[in-house]
Each structure stands twice: as structure tokens, then as C-alpha cells.
Undergrad: 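Got a structure for you, written out below as C-alpha cells; questions coming shortly.
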Amino acid sequence: MIKGSVPEMITRTMQKLQDMVIFEKVTKVNYQMEAIRRFSYPYQALEEVVVNAFYHRDYMSCQPIIIEIEPELVRVISYPGIDRSISQKDIEAGDRFSTRYYRNKRLGEFLKELDLSEGKCTGIPTIQEELRNNGSPKARFYTDEDRRAVTVEIPIHPDFLENQSVVTLETAHSGEKQPVTASKTAHSNKKQPVADDQAACSENNLPGEVREASVFDGEQLLRKKLRETHYTKKTRENIVFLYHALANEVFGRSDIVATLGLSESAARDLLKKMRQSDLVSPVTGYGKGRYRFL
């Protein structure tokens, strides 16, 4: 669980997204010296969407900022919706939202001092430009008729569609979030290309980064098993989060506490449910109470 000031929450949210969804693909071509590099999601575009969500949200409301990660996109939902001074036509076009009304203006000035925002209606053009430069489709913006919420969908680069799977991340309000790290990233400052011949290796011989990315392969089976249970939505989400963080690890109750921010008793109950549903199996040789996902 993440707590802190708005800048701290923005920074740590971006760290989680960077760990979960940002990957790089490098292709060597014979018609130029430089290889072609593209990212599943450009970091700057995601950062702009996250900053806007925290900048323009209603801090008098208890509604959380919600981030949903699906195979083909990242969806960010924040409250309230886009101001009525911006027409529905401009929202659907998604090119630039120009208004003289700024929600949380003092917060915007503070974020500007931290170089997280410019406060000149440049956020939307920046998002679309970063996606365009990466070769990704345009971001899409939606709001309901009453302008109660705004939804931003950032499509994944088409070259990464086959390698992604469903993840759900919900950030709590008032400085609390519950994201979980999924796998290694490849940010523009941390280039980690995966060669095509590596993808053809057997799983046991894969390099560490590729092997960690393979944790997504069993998620559909995990979700199928969870649908057969009567667990609450929150319990199912916690199990999926835990799977992405510890799928390749031997873990115990203390690891669940550290990963999900649960109490000892809540971690014990969650572990019991996973055992009863045959989602984990005990592991010997690592001490008492150690498990691994099936």
C-alpha cells in the first residue's frame, strides 16, 4: 500500500507501471545502421496521463483513481469528468483540451515547479505526440453526459499485442494504492532488448528477464480457477497481483504481507484460500510454510 504526498504517489505509481507494462522491442534491419526501437507504452505518455489524473481529480471525493491494465491497453479512470467548458466534440477528437478553468490550480503550480506539469493545456498534445513517435495508436478519451468521470485509454504498440495479458490495478483514494510489480521493464533509460532467438529457447534456458516475463503465461488458467470460487473481487485481485509479483518465487506469509501490505492474519487467510483452491503447493527445502504457484 502506497501513502504519501501527491508527488510521491505519482512517482511510485509510475514505478509500478514501469515494472508492469513498459517493455522494449529491438529489431535489426538491413536497410539502415540503427536498429528500430519501440516500447509497449512510451513512458512519457503514461506519466502525462497519471499526472493529469492526480492534478485534476476531486480531492473532496472518496472516489479512487483506477488504473486497469488489459492486453491491448492501459485505462486510467479518474473523478470527476472533464469540465463542461470543453465540448464533447473536442473530447472525442482527443487532440487538445483548451479551457480557462483549472481544477486544483495551486496543486498545478506546485507540480509545475517539480517539472511534472506545464499548466498550459499541453498534456493531451504531449500524450498523442509521444504515442505517435513510438508508432502507437492515439489515446482515446471518454466521459459520461453528467461529466462524473473521465476515462483515458492508451493503446499498446501493435508489436506487443501477442505478448500481453490481463492485469488489473486499482489505486485507492487519499494517497493509498495497491499495485504490484509484475516483471522487468525496458524504459528508455534502461534498454533491455529481447532478441528473437531468445524467444525460441526452452523455458528452462531463458534469460532471467525473459523468464520473468513468462509469468503471464499461466494467468488465464489462474483466473479460470478463481472464477470457480466464491471469493470477493478484492480477494481475487490480490491473488492475481501476488501471482504477477511472485510467480517464479518460493514465498511464505511474510512475503504476502510485504507484497500486498496486508496484516499477518489477512495474509494467513489469503494463503489458506489459495491452498484450498489448489493455486499453490507447498515446497520443501526452504523452511516451513513455503509455497509456490502451480
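Index from 1, following the sequence.
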Undergrad: Answer yes when D159 and R38 have at least one side-chain N-carboxylate O distance shorter than 4.0 Å, and no when they do not.
TA: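 Salt bridge present between D159 and R38.
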
Undergrad: For S78, give me all partners under side-chain hydrogen bond (donor to acceptor under 3.5 Å, both in side chains), at least two apart in sequence or on another chain.
TA: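 Scan of S78 (side-chain hydrogen bond (donor to acceptor under 3.5 Å, both in side chains), adjacent residues dropped) gives none.
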
Undergrad: Are the side chain of S40 and the backbone N or O of V21 linked by a donor-acceptor pair below 3.5 Å?
TA: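 At least one qualifying donor-acceptor pair exists.
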
Undergrad: Taking H157 for the side chain and N134 for the main chain, is one N or O donor matched with an acceptor at less than 3.5 Å?
TA: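 Such a contact is found between H157 side chain and N134 backbone.
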
Undergrad: Looking only at non-hydrogen atoms, find the nearest pair between E72 and Y41 and report the distance.
TA: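 So the minimum-distance heavy-atom pair works out to C-OH, 4.0 Å.
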
Undergrad: Restricting to ring-ring contact (aromatic ring centres under 6.0 Å, His included), what partner residues turn up for Y79, sequence neighbours left out?
TA: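 Y79 satisfies ring-ring contact (aromatic ring centres under 6.0 Å, His included) with no residue once adjacent residues are dropped.
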
Undergrad: Please list, chain by chain and in numerical order, all residues satisfying side-chain hydrogen bond (donor to acceptor under 3.5 Å, both in side chains) with D144, sequence neighbours excluded.
TA: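 In terms of side-chain hydrogen bond (donor to acceptor under 3.5 Å, both in side chains), with neighbours along the sequence ignored, D144 is linked to R148.
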
Undergrad: Looking at every non-hydrogen atom in both residues, tell me the closest pair between I256 and L270 and how far apart they are.
TA: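 Looking at all heavy atoms of both residues, the shortest contact is CG2-CD2, 4.0 Å.
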
Undergrad: Indicate yes or no: does E24 engage R37 in a salt bridge with an N to O separation below 4.0 Å.
TA: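 A salt bridge links E24 with R37.
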
Undergrad: Output every pair passing salt bridge (charged side-chain N to carboxylate O under 4.0 Å, His left out) with a member in residues 281-294, not counting sequence neighbours, ordered by first then second residue.
TA: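 For residues 281-294, and leaving out neighbouring residues, the salt bridge (charged side-chain N to carboxylate O under 4.0 Å, His left out) pairs sorted by first residue read D255-R290.
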
Undergrad: Who pairs with R106 by side-chain contact (heavy atoms from CB on, under 4.5 Å), at least two apart in sequence or on another chain?
TA: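 Only E109 meet the side-chain contact (heavy atoms from CB on, under 4.5 Å) criterion with R106.
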
Undergrad: Restricting to non-hydrogen atoms, name the atom on I77 and the atom on A149 that form the minimum distance, rounded to 0.1 Å.
TA: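 Closest approach of I77 to A149, heavy atoms only: CG2-CB, 4.5 Å.
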
Undergrad: Show me the pairs that pass salt bridge (charged side-chain N to carboxylate O under 4.0 Å, His left out) and involve residues 122-139, at least two apart or across chains.
TA: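 Non-adjacent pairs meeting salt bridge (charged side-chain N to carboxylate O under 4.0 Å, His left out): D95-K138.
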
Undergrad: Taking the six-membered ring of F54 as reference, does the cationic atom of R57 (NZ for Lys, CZ for Arg) lie under 6.0 Å from its centre and within 45° of its axis?
TA: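 R57 over F54 ring: no.
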
Undergrad: For T126, check side-chain hydrogen bond (donor to acceptor under 3.5 Å, both in side chains) against everything at least two apart and list the hits.
TA: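 side-chain hydrogen bond (donor to acceptor under 3.5 Å, both in side chains) list for T126, sorted by chain: empty.
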
Undergrad: Taking only residues two or more places apart in sequence, or in another chain, which ones meet P155 in a side-chain contact (heavy atoms from CB on, under 4.5 Å)?
TA: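 Residues passing side-chain contact (heavy atoms from CB on, under 4.5 Å) with P155: P137, R140.
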
Undergrad: Of all residues at least two apart in sequence or in a different chain, which pass the side-chain contact (heavy atoms from CB on, under 4.5 Å) check with S277?
TA: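 Applying side-chain contact (heavy atoms from CB on, under 4.5 Å) to S277 gives T229, Y231, L279.
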
Undergrad: Would you say the side-chain atoms of Q32 pair up with the backbone N or O of E34, donor to acceptor, closer than 3.5 Å?
TA: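 Pair found, side chain donor or acceptor close to backbone of E34.
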
Undergrad: Between K25 and F160, is NZ or CZ placed under 6.0 angstrom from the six-membered ring centre and within 45° of the ring axis?
TA: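 So K25 does make the cation-pi contact.
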
Undergrad: Do side-chain atoms of E8 reach the backbone of S5 as a donor and acceptor pair under 3.5 angstrom?
TA: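 Side chain of E8 to backbone of S5: a pair is present.
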
Undergrad: Which pairs, with at least one residue in residues 256-275 and sequence neighbours excluded, count as a salt bridge (charged side-chain N to carboxylate O under 4.0 Å, His left out)?
TA: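 Sorted result for residues 256-275: R253-E264.
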
Undergrad: Between I124 and N52, what is the shortest heavy-atom contact and its length?
TA: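 Of all heavy-atom pairs spanning I124 and N52, the closest is CD1-ND2, 4.4 Å.
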
Undergrad: Out of curiosity, does V257 fall in the hydrophobic cluster containing L242 (side-chain heavy atoms, cut-off under 4.5 Å, transitive links)?
TA: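 The answer is no; the residues belong to distinct hydrophobic clusters.
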
Undergrad: Could you tell me which residues satisfy side-chain contact (heavy atoms from CB on, under 4.5 Å) with A139, sequence neighbours excluded, listed by chain and number?
TA: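 side-chain contact (heavy atoms from CB on, under 4.5 Å) check on A139 returns I127, Q128, L131, F141.
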
Undergrad: Applying side-chain hydrogen bond (donor to acceptor under 3.5 Å, both in side chains), can you list everything that pairs with S263, at least two apart in sequence or on another chain?
TA: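 Applying side-chain hydrogen bond (donor to acceptor under 3.5 Å, both in side chains) to S263 gives S265.
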
Undergrad: Over all heavy atoms of both residues, which pair between L271 and Y291 is shortest? Give the atoms and the distance, please.
TA: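 Between these two residues, the closest heavy atoms are CD2-CE1, 3.7 Å.
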
